[in-house]
Amino acid sequence: MNIPFDNTYARLPERFFAKQKPTCVPEPELIRVNRELATQLSLDTGWLESADGVAMLAGNAVPEGAEPIAQAYAGHQFGGFSPQLGDGRAILLGEVVDTGGARHDLQLKGSGRTPFSRRGDGKSALGPVLREYVVSEAMFALGVPTTRALAAVATGERVIRQEGALFGAVFTRVAASHIRVGTFQYFLARNDIDALRRLADHAIARHYPNAGEGQDAYVVLLESVALAQADLIAQWMSLGFIHGVMNTDNTAISGETIDYGPCAFMDAFHAQCVFSSIDSGGRYAWGNQPDIGLWNLTRFAETLLPLLSDDPGKATEVAKAVLSKYPERFEKQYIARFSAKFGLSPEGPIELIQECLDLLGTHEVDFTLFFRNLTRVAGGEDSQTLAAMFSSGEPFEEWLTKWRSEAEPAKYLADMQAANPVLIPRNHRVEQAIQSAYGGDFTPFHRLVDALASPYADQVEYVDFETPPRPEEIVRETFCGT
Ligand code: AMP
Ligand code: MG
């Protein structure tokens, strides 16, 4: 199999990365190849699933044309700056251009130590690999910009984590690029303005090719990234998604969701909902995500100041003006997305939306199921099931009366159906799939991935994935697993 690599990041100066081959593993075994994505990338699925293909996916064989590197980056983690993070357990094999002309990184995650590993082992346990596979592919099917899962393979070796000696695995990630806000911060921290300019030019060519040239292009870059993040975060919010580690090194310039660690979809709605075991202060709670998005973008803007103008005062003014567009864009997108969920005109009213979210929070109502049931009511069913989701009926009945007078189900039913998924990767189901896999049975994992490929469709064979967890099934905490 000849993979038509066309690498551009590896052409950047050597200080952008470290050349690093993946580490061999003892007994690679295929878990799953994403055939649809493979086909889009013009990769032969038969070959990927063969012993040679699996050897590549495990890091045991480096294909011709690959130029394996670990990328350098820095980042603010929970607000504190680390000048050197980098790919500590990931190796970029190279780039391929898909059938539609779009460029993608092919990256192995969990394939051994790199010069950026610090105290880590560079490996991944099976759990986080399956988690990223399930959630990133679900996000894609839900219509959210995201990195993708090309494959997962078991390595046949154990990795030591807090929970004990766990089966190891390697994940193959596909991304528009792996350039992060933290990649820019890495060079700002070194006062390497030449590198910043090269990185910005590379990012523009790759993600925002209409930005033009010269200083204006950097303004367009900042604005494009800011608007892409506003749109992305509004979309997360509308699906009850909590990223969990919105550090600047986990914020992609492309506008894709990246680095699925302790992320989660909410079951019962709660605006300050947090799952991540390491987010004790609730910095990355559901309701904080838009503000954190702006905080991260402000860090990005700081890295571009030297490129925006030769006059530092003017550069700051320009950056501020661009960033001031973010809150407005976010608000507009947020209202439009929630309006669609409620069958309202794209402008809301926001008061009706907020009142309902407050009720969902007070009564601990399941977020996804509420909107499904509301969609059914909009489609003509009676409101009994919907109203029964609230522990005391009166305030909700009052709200429902207002909703009936404001919403236009006849006009917006299709929008509601397209905005309110039947299936999300519920935490307890992801957890069950992982536990089963550790026990040697991958059937629940495959079944979950198959079901989540069509999250907006009614699929009778997967109704068990629709229901919220029973009290004893609720997962309250999620882990990075690194
Ligand atoms: P994350 O929180 O997963 O986004 O990772 C933050 C940083 O820790 C990145 O620089 C990772 O490369 C690094 N890292 C995470 N897990 C490991 C590991 N097992 N070995 C080496 N580095 C790691
Ligand atoms: Mg990361």
Side-chain angles (χ1 to χ4, degrees), residues 16-18 20-23 25 59 68-92 105 107-133 135-136 146-147 149 155 157-171 173 175-187 189 229 242-254 256-264 274-280 283-284 292 296 299-300 477-482:
F16 279 62
F17 50 79
Q20 177 66 56
K21 288 206 174 98
T23 304
V25 302
I69 55 174
Q71 290 173 300
Y73 56 84
H76 276 91
Q77 301 182 302
F78 291 90
F81 186 63
S82 292
Q84 177 153 329
L85 294 167
D87 287 335
R89 54 151 172 186
I91 290 170
L92 176 64
D105 276 2
Q107 191 203 57
L108 300 183
K109 212 172 155 184
S111 54
R113 288 181 55 82
T114 78
F116 304 110
S117 295
R118 293 170 292 160
R119 284 182 300 281
D121 60 3
K123 310 265 178 183
S124 280
L126 177 61
V129 166
L130 299 185
R131 195 177 177 78
E132 176 153 1
Y133 198 121
V135 183
S136 65
T146 177
T147 63
T155 59
E157 68 183 0
R158 304 262 182 167
V159 297
I160 310 301
R161 296 289 180 269
Q162 232 169 357
E163 306 94 296
L166 304 175
F167 288 121
V170 176
F171 179 73
R173 177 159 69 181
S177 84
H178 285 83
I179 304 167
R180 307 144 189 272
V181 168
T183 318
F184 284 83
Q185 290 182 292
Y186 179 86
F187 295 112
Q229 286 294 321
I242 304 164
H243 182 283
V245 244
M246 286 177 73
N247 294 333
T248 57
D249 53 302
N250 296 336
T251 304
I253 297 304
S254 65
E256 289 182 336
T257 311
I258 193 171
D259 279 9
Y260 292 87
C263 60
V274 174
F275 286 92
S276 168
S277 60
I278 52 171
D279 193 4
S280 50
R283 179 180 169 91
Y284 299 139
I292 291 292
N296 290 344
R299 304 289 81 74
F300 179 49
E477 224 180 22
T478 48
F479 303 86
C480 310
T482 54

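Here the structure is a predicted model, which is why all the values come from computation and not from measurement. Read the numbers this way: they start at 1 and go in the same order the structure lists the ligands and their atoms.
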Does Asp249 bring an N, O or S atom to within less than 2.8 Å of the Mg ion (ligand 2)? no
Tell me whether the Mg ion (ligand 2) has Asn247 as a neighbour, meaning an N, O or S atom of it below 2.8 Å. no
For the atom pair [atom1] ([X]) and [atom2] ([Y]), what is the distance rounded to the nearest 0.5 Å?
| X | Y | atom1 | atom2 | answer |
| --- | --- | --- | --- | --- |
| Arg158 | Lys123 | CZ | NZ | 14.5 Å |
| Thr251 | Asn296 | OG1 | CG | 4.0 Å |
| Phe479 | Glu163 | CZ | CD | 7.0 Å |

Under a 4.0 angstrom heavy-atom cut-off, which atoms of ligand 1 come close to [X]?
| X | value |
| --- | --- |
| Gly122 | 18 (C), 19 (N), 20 (N), 21 (C) |
| Gln77 | 6 (C) |
| Gly120 | 20 (N), 21 (C) |
| Asp259 | 4 (O) |
| Arg161 | 19 (N) |
| Asn250 | 4 (O) |
| Ser117 | 21 (C), 22 (N) |

Given [options], identify the one with the heavy atom nearest to [atom].
| atom | options | answer |
| --- | --- | --- |
| atom 13 (C) of ligand 1 | Gln71, Arg89, Arg118, Lys109 | Arg118 |
| atom 10 (O) of ligand 1 | Gly86, Ala70, Pro262, Ala74 | Gly86 |
| atom 9 (C) of ligand 1 | Tyr260, Phe116, Tyr73 | Tyr73 |

Is there a donor in the side chain of Thr248 and an acceptor in the side chain of Gln185, or the other way round, less than 3.5 Å apart? yes
Distance-only side-chain donor-acceptor flag, Thr146 / Tyr260, under 3.5 Å: yes
Heavy-atom pair with the smallest gap, counting every atom of Phe275 and Pro262: CB-O, 4.4 Å
Is there any N or O on Asp121 that sits under 3.5 Å from an N or O of ligand 1? yes
Would you call the rings of Phe184 and Phe300 parallel, tilted or perpendicular if under 30° counts as parallel and over 60° as perpendicular? perpendicular
Over 60° means perpendicular and under 30° means parallel, so classify the ring planes of Tyr133 and Phe171, tilted if in between. perpendicular
Residue-ligand contact Gly261/ligand 1, heavy atom below 4.0 Å: no
So if I apply the side-chain hydrogen bond (donor to acceptor under 3.5 Å, both in side chains) rule between Asp259 and each of His178, His243, Arg173, which one comes out positive? Arg173
Name, closest N/O/S atom of Asp259 to the Mg ion (ligand 2): OD2
Centres of the Tyr284 and Phe78 rings: under 6.0 Å? yes
Where does Leu85 meet ligand 1, judged by heavy-atom distances below 4.0 Å: at the side chain, the backbone, both, or neither? both
